[in-house]
Amino acid sequence: EPQTSRIIEIGTNYTQSSWQLRSRIYHMSLDNEIHFDPNTFTNINIDPTRRQGIELSATSKVTGAVKITGHYTYTRAEFREGTYAGNDVPLVPRNTASVSALWDISTTLQLSMTANHVGKKYFDNDQGNTSAQIPAYDMVDMKLSNQNGPWGITGTINNLFDEKAFDYGVISTLTPGRYNAYPLPERSVATMDSRV
C-alpha cells in the first residue's frame, strides 16, 4: 500500500548581527510505512509508526574570516500500534549532531572542517529491540579549496582520523547475536580541478 504521513511542525528563526539560531519541533505519524524486508528481498508495509523530535542549529561569524555552524537533532521513532508498539524503529538514531568551521584564509583560499556524530540505533530486522545496537560513531572531514580567477582546485580528506564504523547492518533471525554489517569508507583523499 502507498505510504502516507501526517506532519505537524513548529519552528523559529532568530538572527542578530553575526548570530543565527533556528529551532524546529515536529510530530509525524506514518501509516503503511514502506520497508525493505531483508528476509524476502521485497518491500512490505510495517505497522503504524511515529517520529517526533527537535532540531536545533546555530551559526556564528566568529570573525570576518571564520564561521562556525552547529546542528543537533533528537528523534524518537517508534511503532504506534501492532506487535512492536512502543519499540524503536530500526535504523533511526535518537541523536545526531554536527559542527563545522569555515575559514577564509585569503580571498582565494578556504579551509573547512566538519565533525559528525551519529548515535546508536537498532539493526535492520530488529523490530523487537532485542539485540545489541549499531554503535555510535564520530567522523571528521576536511576540505581545502583554492579559487584563482576561473580556475579552482579542491583537496578533500574524508574520515580524517580513519574511524572504523558501520552505519547499516542486518540482524540474523536464525542465530542470536549474528549480523551482517556494511562498513563506512575508511580515510580517503581526493582532489578535483574546476573551471568557472
Side-chain angles (χ1 to χ4, degrees), residues 1-11 22-57 70-100 114-141 156-188 190:
E1 297 292 330
Q3 176 177 312
T4 60
S5 63
R6 298 179 302 281
I7 304 170
I8 298 172
E9 65 177 62
I10 299 172
R22 295 180 180 175
S23 64
R24 181 175 80 102
I25 57 174
Y26 65 93
H27 177 96
M28 181 188 308
S29 293
L30 296 98
D31 292 302
N32 294 317
E33 182 175 344
I34 297 173
H35 174 76
F36 178 75
D37 186 342
N39 294 314
T40 62
F41 299 99
T42 59
N43 288 325
I44 61 171
N45 295 117
I46 60 176
D47 291 330
T49 61
R50 78 166 59 89
R51 286 165 171 76
Q52 52 193 354
I54 184 169
E55 295 179 354
L56 304 171
S57 66
H71 298 279
Y72 170 74
T73 301
Y74 173 82
T75 302
R76 180 73 167 100
E78 61 184 342
F79 289 95
R80 292 181 358 241
E81 301 174 17
T83 306
Y84 305 110
N87 286 7
D88 284 7
V89 175
L91 300 178
V92 182
R94 291 197 183 187
N95 297 286
T96 57
S98 68
V99 176
S100 61
T114 301
N116 292 294
H117 170 78
V118 178
K120 61 184 180 179
K121 55 191 174 183
Y122 285 100
F123 283 88
D124 198 0
N125 209 33
D126 186 18
Q127 291 87 341
N129 298 170
T130 57
S131 300
Q133 293 177 282
I134 295 174
Y137 65 88
D138 303 290
M139 285 195 179
V140 176
D141 301 324
T156 304
I157 303 177
N158 295 311
N159 193 2
L160 179 64
F161 299 109
D162 203 24
E163 176 76 10
K164 305 297 189 289
F166 62 97
D167 196 53
Y168 179 80
V170 182
I171 203 74
S172 171
T173 56
L174 301 176
T175 308
R178 180 169 291 182
Y179 59 86
N180 291 326
Y182 299 83
L184 291 169
E186 298 178 357
R187 183 191 298 119
S188 63

If the condition is side chain to side chain donor-acceptor pair (under 3.5 Å), which residues does [X] pass it with, not counting sequence neighbours?
X      : result
Thr175 : none
Ser131 : none
Glu33  : Thr49, Arg51
Ser23  : Thr12

Quick one: are [X] and [Y] in side-chain contact, heavy atoms under 4.5 Å?
X      : Y     : answer
Lys121 : Val92 : no
Phe79  : Ile46 : yes
Asp124 : His35 : yes
Thr75  : Tyr26 : yes

Partner residues of [X] under the salt bridge (Lys or Arg N to Asp or Glu O under 4.0 Å) criterion, sequence neighbours left out:
X     : result
Asp88 : Arg76, Arg94
Arg24 : Glu9, Glu55
Asp47 : none

By side chain to side chain contact (heavy atoms under 4.5 Å, CB included) - contacts of [X] (at least two apart):
X      : result
Ser57  : Arg22, His71
Val99  : Ile68
Phe166 : Phe123, Ile134, Pro135, Tyr179, Ala181
Tyr137 : Val118, Met139, Glu163, Ala165, Asp167, Leu184

Which atom pair, heavy atoms only, marks the closest approach of [X] to [Y]?
X      : Y      : value
Leu91  : Gly169 : CD2-O, 4.3 Å
Pro93  : Gly119 : CB-O, 3.4 Å
Met28  : Ser5   : CG-CB, 4.3 Å
Asp141 : Asn159 : OD1-N, 2.8 Å

Flag, side chain of [X] to backbone of [Y], donor-acceptor distance under 3.5 Å:
X      : Y      : value
Asp37  : Thr42  : no
Asn87  : Gln127 : yes
Asn45  : Asn32  : yes
Ser172 : Leu174 : yes

Q) What distance separates Thr4 OG1 from Arg6 CZ, expressed to the nearest 0.5 Å? A)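 Thr4 OG1 to Arg6 CZ: 6.5 Å, rounded to 0.5 Å.
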(Q) Rounded at 0.5 Å granularity, tell me how far CG in Leu56 sits from OH in Tyr74. (A) 13.0 Å
**Q.** Contacts of Phe41 that satisfy ring pair (Phe, Tyr, Trp, His ring centres under 6.0 Å) - sequence neighbours left out
**A.**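 None.
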